[in-house]
Structure formats: C-alpha cells, structure tokens
Amino acid sequence: MNHIANSAASLLLLAAGFSAVPYAEAQETVASDGEKLAEIIVTAQKREQNVQTVGTSITAFDAATLQRLGMHDVTDIVGQVPGLQFNQFGSTVTVYNLRGISQNDFSDHQEAPVAVYSDDAYIASTGALAGTLFDLQRVEVLRGPQGTLFGRNATGGLIQYISNKPTDQPQAYLSATGGNYGEIDSEGAVSGPLASGLTGRLSFSTAEHDGYIRNLIGHDINDQDQYAARLQLRYQPSDSLDMLLKVHGLTNNHETEGNYSWSSSYPDATGRGVFTSGKSDFNGYYGAGSNPFVQSEDRPGIFNRTAWGSTGTAIWRSDLATLTSVTDYLRVQKRYGEDSDVSPLPVFNYNVFYHYHQFSEELRANGAVLGGALRWVGGVYYLHYDTTMDATTNFNPAYDIVCTGGGPGVDCSPGIGLSEAQFTLRTSSPAVFGQVEYDITPHWTVLGGVRYTYDDKSFDYIFNSLASPFPPVQQLLVYNPRNNPAAQRDWNIVTGKTELDYKPTDAVMIYGSVNRGAKGGGWSAPSAPPVDPTSLSYDQERLTSYEAGFKTTFWNERARLNGSVFYYDYRNYQGFFLDVATSVVQNVNAREKGGELELALVPVHGLNLQLGLSHLESIVPYTPTPAGTIVPAQMPQAPHWSFNAVARYQWPMFGGQMSIEADGKYNSYQYLELYNGPVDYQAGYAVVNSRLGWASADGRWEVEGFVRNLADKWYRIYSSDLSGLLGSTQSVYGPPRTYGATMRFHWGS
C-alpha cells in the first residue's frame, strides 16, 4: 500500500497547482443553462448508474462531446482519456494501451488485454477494431481490471462504443466534411417509428482522404477509402419486453497501406537497434530525406477489408428481476500487403490473408432485494471464434540482408527466399459470473464478485521457409494437436473483485478495491524464420490491482474532481518481442503504479474547461534482449506523465451561437516496444487541435472549421526494430497537420 500512498502524494501535489480530469465527464455533462454539470449515466456495472456512484476510474463521452471534439476515428478518444494510448498499423491492426497494459503483437489472431465492446458485444479481433465513429450515443472507458462483469481479456480495462438507438419520433441528420489531403467525409442517420411498437434507425459513414505519406516513386501511402453502415430495428410490444436487432457492415477498398517511415539503424551489443543518422541500411539505401512523410517505396501496399455482423438484444423486465440476452455474430475478411523494407529496393515484403468469425451469447439477470439495499447481477457467457491466416514474408535472395554482430558487413548470410505461415486458431470459452452490492449503512457499501472462465483452444500451424540463411537451409514445421500436445490447451481462469465504498455526502464518494484480471494463454505465429516450436506456446497472464479513489462534485454542481491511485502486480505478462525478424510472445513478470486526476469545470457562463492527468511507473525487471542478455525495462507506451486539456467558449452571435475550442494532449517520453531499445525511445511531445463553429438558434444548422495537429508535430506511435535484419527501423507516425470544414443539418425532435 506504500506504492499507492506515494503515487497519491505526487498526484495531489500536482493538483494543488492545477486541478485535473476527464473531458468526457465535463463536456458531456454541461446542463442546458451552461452553468452546471449534469448527471453522467454509464453502464459500467451492467445497469444504468451515475458515474459518480461507481467505484471505478471511468471516462465517458456523449454524442455532443464526440461531435464538438471532431472525433471521427475510433482511436481519436485517446486524446482526451488519461492513461490511454494506442498504436496502429494503418487500418489493419489497432492496439489500445490502458495504464501501460497492452499487447503489441501485429498478428491478427491475438486478443488484446484491453477489451473492446460494441453495444454490449465483445470484439475479440484486433483486426476488426479500426473504423469511423458515427452515430454514437456515448463511449465509455473503464480503467483497471474488469474481470467480473465483462470478464474476457479485460485485464487492463475496457472500451465500449454504444450506438444511438431508434427513436419514437422522426428525426434525421446529415453532415459533410472537406479538407486537405483530399478529405471527403460524410455521416448521417434517419430514425423513427415504422409500425405499432416498431421503430428503426439507419446510419452511415464514409471516410476518404489521400495518402499522408508522399511516395516519390509510386502511389501515396496511408490513404483511406472506407464505408460503414448500421441498421437497427427495435420492437417493444409491451412495457416489459424490449427487443433490438442491429446489423452492421464496414469495408475498406484498395487502400495503400504500410504506413512506415524509414530510418537507418544497427544492432548494439544487446541486439537492440540504435539510429545511425546519415548512414545507409545493409543494402546501401540512404533514405528519401528527413521528412517522415516523404518516402520511396517500390511496392504499393494494399489493404482490403470487409467486416459485418449482427447483434440481437432482448430485455425482459419483471418485479423480481431484469433478464437480458445479447447474441452476437461477427465476420471479418481482409487482405494486407506492405513494403516492409520501406525502400525502392525489392528486398522485403509482407502479406496477410485473414478470415475470422465469432459467435457469442450472454444471458444475465439483475435485480434488487431488501428494499433496494442489496443489488445483484449474475449470468452465463459463451464465446466461440475461428481465426484463419496465411502470412508470407518474401526476401529477395539477390540481397545480403541478414547481418549480425553489431553492424553491416559483419556475419552476413545469403538472403531468404519465401517464408509462409498458415494457421488456424479455434477458441471455445464458456463462463459464469455473479456480483452483489450491499448497503451496510446509508454511507457504507460493500461489493463483491467472481467469474469463472474456461478457455479451450487449439492451434494448427504450418511454417515453411525456403532458402533460409538459418540452419537448416529449409525449415518445415507442422505444429498441431495431432503431433504436439502443446498445440491444444485449456485454461481455468478465475477473476473477481472486492470493493468498499464510503459516501459521507451525496456529493462525495471514496472507494477502495482489489481486482483480479486475467487473459488466457495462446501461441505465437511467426511468419519469418527461425521458428522454435518449443517457444510458440505461452501461458495465461494474471493482474492483481489494488486501487483507491475519490469522486466529488462541488461549487453548486459547477465542478467535478475525480482521482484514483493504483498498484498492479502483473504475473506472466504476455510481452511481445520481435527478435530480428521472428515475432514471439513470452511470459514475463511486471509491476506498475500510478493514478489519474480528472476535472470538469464551468467557471463562467459559456466557458467549459476539462483537464486530465495520468502518472505511470512501470518495471519489467527481467526483460530478454535479442542477444540473450537480461535487462530491466519499462512497459511499452507507458509515459510517466500524460496531460490532456480542453477549453471551450460559446457566446451568442449572428442570431445563433458561436463557439471556439482548443484541445490537446502531452505525453512525456515513452518506449514504443518492450525491448526499450534506443530506436524504441519516443521523446515527449504535445498535439493540439482547434475548432471554430457556429450553430443556428434552433439547432438545425451547424458549420465549423477545424485544424488537427495545429503545430504539425512529428511524433511516433509505433516502431519496429529491423536493425538486425535490414539495418533499418520502421516507424509509424501520427497524422500530420490536417484542416477542413464540416456542415451539419438536423431535422426532427
């Protein structure tokens, strides 16, 4: 507990200099008179509650907040959530990092330890997460293990996207955006009654822009051509029965991916990359210049993806309990290809063909007894998914590209020809869970819950490498349950929580909790040699969280300050390592401590301020390096300090309301990969956005101009150390400065 006390002292000292906390809570809660904060409703405990009464660190965004901040991509929420980071390889794989908890493996079969839900349905595939935010009611981010009620792989927390539902009254909206890089976006929805007891809502979104990376010898890279739609039908035959069917789809059409920037690098004595400015890679390439958004790539990368599915939700209410059923199906298909050497030479290419489908069912009941003093929820859950993937790495044998021992020209071996990995992962996972919450007195509440999950997985993997420089000359590996017992495993996963809440007044809550989160084990699926079959399997990870926090509302409901501190004991953390060219997940232990502060404030009429602060201290004491040595390391994408802020002012003008807004986020230095090599180091940086808008008095018309990344800051969100293979490092940069204008029209109630 001394870890918590030390973190609390640091955060509270900073709070004395400036108050801090989540934008979501403030911007979404401004009351209609513009001078008070309204109630925030979340479903963090599988029922609607005021966020100030939930003993969990939460940030939430409502529809108005998402619009005002111009959040268009699913990852845009990162800018205003303390403790949340992300990395993304174009649209192909999206990885969230919450309080330092993540898993950076770029193979699509891996589940992440930060769970993502859409309308109460879990999304297991990281390849299905990228897309646009459109027609949403709210987004909730829950920090810390959520292993009881949400359970599966919520080791670090979860993110839930909740759609706008069909309405009883006719309404519609339409928006169009234009900007630099040829940006043309649109979004709209129409909703209303269809028949007695039946309502519907149809929503759509399109997103197009040219490539952010100028390719001097080919098509520009990192463009977007995406279309998405959602149809919902809601049937309410009586007050006790509510049924909702959602059908949704998304497609990316021939986007040019592989959004890397090239830098020369060489491996040091530990095998970790060091940048070598002004030098060539192992093939004599010197790069296209210092601008990361100007490259020379001989191969045009490609990304095609189709994701579609449906979710059926049925709610039956009685005097004794509320019964909820959530049935979900999701299917994803994609093709991805990139120029992995990021050069004009035909040296190294990577391709993926991916098929995925999942089915899940959750049946739960919740209610209250003893006059509402005892509240309970319990249920069962089942998930099944199949992942099939064919990944190839193509090395041109004409180039001597594999060198070890500290630099180019040392121990260089003949180039590789073709390596291919084909695999199928099947997972079946039933679970049972329950939680009770009891008011001991009007001021004290105790909460406890437990969940049992059974993971049954099988892995069928074939690896074939031709003309490999690694012994043997050709490596053929067949790894499946028929010839290797380790290719079929099951895990018994127990998670749960205990919590004590103290509410001295209606405006103050203090809580403390112990949470256990866990994530089942699995297998690495390297597509480049050498492959060691004994290192493919890894075990389940377990995280025990000790957390304390407070939530307060004051100044006549014009201010809200929430804070939390935590200590994580992380056992068998599933760390991702890229050893020269071979990707592997390995269990290592870790520890972490930190906390957040969040403030929402309305100091004067029309002015809204939100501040957020996150502090993290992480250590992975025994981290292996490519050379086999052991070093201490920080967890990836876990900056010691992160600060986010929003300021918005609104005033009458031109018969309507003008508004001006600025928002931004600062991250202190961080390492982008667990190796913590010099090439993984990202210095501190800040990104600032601004918006100027006008809305008509009746709210029907809105127009606004925006600038994202106002200072055109260059900053990396991911790095891939290929110094031991190519003499270079791939880096993914956040988008450059973009600007444009949006017009919206609203119709109906």
Side-chain angles (χ1 to χ4, degrees), residues 22 24 42 44 56-61 73-89 93-118 120-131 133 139-162 383 451 453 493 495 497 515-520 522 540-545 547 564 566 568 570 572-576 585 590 592 594 596 614 616 618 635-639 642 667 670 672-674 717-718:
V42 296
T56 300
S57 181
I58 304 173
T59 298
F61 301 85
D73 186 88
V74 292
T75 60
D76 288 342
I77 62 172
V78 170
Q80 293 301 318
V81 177
L84 182 63
Q85 309 288 335
F86 84 103
N87 73 56
Q88 194 175 51
F89 313 89
V93 173
T94 300
V95 177
Y96 290 105
N97 184 307
L98 194 52
R99 288 179 169 175
I101 307 302
S102 69
Q103 215 253 51
N104 286 349
D105 194 346
F106 46 77
S107 182
D108 293 85
H109 74 294
Q110 302 287 14
E111 291 182 75
V114 177
V116 176
Y117 281 74
S118 175
D120 224 8
Y122 172 62
I123 303 173
S125 171
T126 57
L129 300 182
L133 291 173
V139 179
E140 300 177 6
V141 180
L142 281 60
R143 286 177 284 266
Q146 305 297 318
T148 305
L149 296 182
F150 290 91
R152 184 166 190 84
N153 298 344
T155 310
L158 70 91
I159 302 169
Q160 175 147 222
Y161 301 94
I162 301 171
L383 171 72
R451 186 183 190 108
T453 301
I493 305 170
T495 55
K497 71 180 297 185
N515 283 268
R516 167 64 65 87
K519 177 175 178 286
Q540 72 167 288
E541 63 179 18
R542 299 178 302 276
L543 188 153
T544 304
S545 167
E547 182 165 341
S564 61
F566 65 89
Y568 284 172
Y570 210 169
N572 285 333
Y573 160 49
Q574 296 169 1
F576 171 70
V585 175
E592 192 173 28
E596 301 89 24
S614 169
L616 292 173
S618 65
M635 298 186 76
Q637 297 173 309
S642 180
N667 289 322
Q670 59 186 292
L672 301 177
E673 280 296 319
L674 184 53
I717 60 174
Y718 180 72

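Residues take their numbers from the sequence shown, with the count starting at 1.
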Short side-chain to backbone donor-acceptor contact, Gln85 and Gly100, under 3.5 Å: no
Separation of Arg542 CZ from Thr155 OG1 (nearest 0.5 Å): 11.0 Å
Check: Val95 main-chain N/O paired with Asn104 side-chain donor or acceptor under 3.5 Å: no
Worked verdict on Thr495 versus Arg516 for side chain to side chain donor-acceptor pair (under 3.5 Å): CA-CA 5 Å; Thr495 55; Arg516 167 64 65 87; over 6 Å; no
Interatomic spacing from CD in Gln540 to OG1 in Thr453 - rounded to 0.5 Å: 10.0 Å
Exercise: do Ser107 and Asp105 side chains pair donor with acceptor under 3.5 Å: no
Candidates Ser642, Ser564, Ser614 - the one meeting side-chain hydrogen bond (donor to acceptor under 3.5 Å, both in side chains) with Glu596: Ser564
Trace of the side chain to side chain donor-acceptor pair (under 3.5 Å) decision for Glu547 with Asn515: CA-CA 8 Å; Glu547 182 165 341; Asn515 283 268; 5.6 Å; no
Phe566 vs Arg143 side-chain heavy atoms within contact, under 4.5 Å: no
Smallest separation among heavy atoms of Gly131 and Asp73, with atom names: O-OD1, 3.2 Å
Expected output: side-chain Gln146 to main-chain Ala154 donor-acceptor under 3.5 Å: no
Within-4.5 Å side-chain heavy-atom neighbours: Lys497 and Pro145: no
CA sep, side-chain torsions, deciding dist, call: Arg152, Glu111, salt bridge (Lys or Arg N to Asp or Glu O under 4.0 Å): CA-CA 10 Å; Arg152 184 166 190 84; Glu111 291 182 75; 2.8 Å; yes
Thr56 side chain to Ile58 backbone, donor-acceptor under 3.5 Å: no
Geometric class of the Tyr117/Tyr122 ring pair [parallel <30°, tilted 30-60°, perpendicular >60°]: tilted
Least distance between heavy atoms, Tyr573 atom then Ser102 atom: CE1-O, 3.7 Å
Phe576 and Phe106 aromatic ring geometry - parallel, tilted or perpendicular at 30°/60° bounds: perpendicular
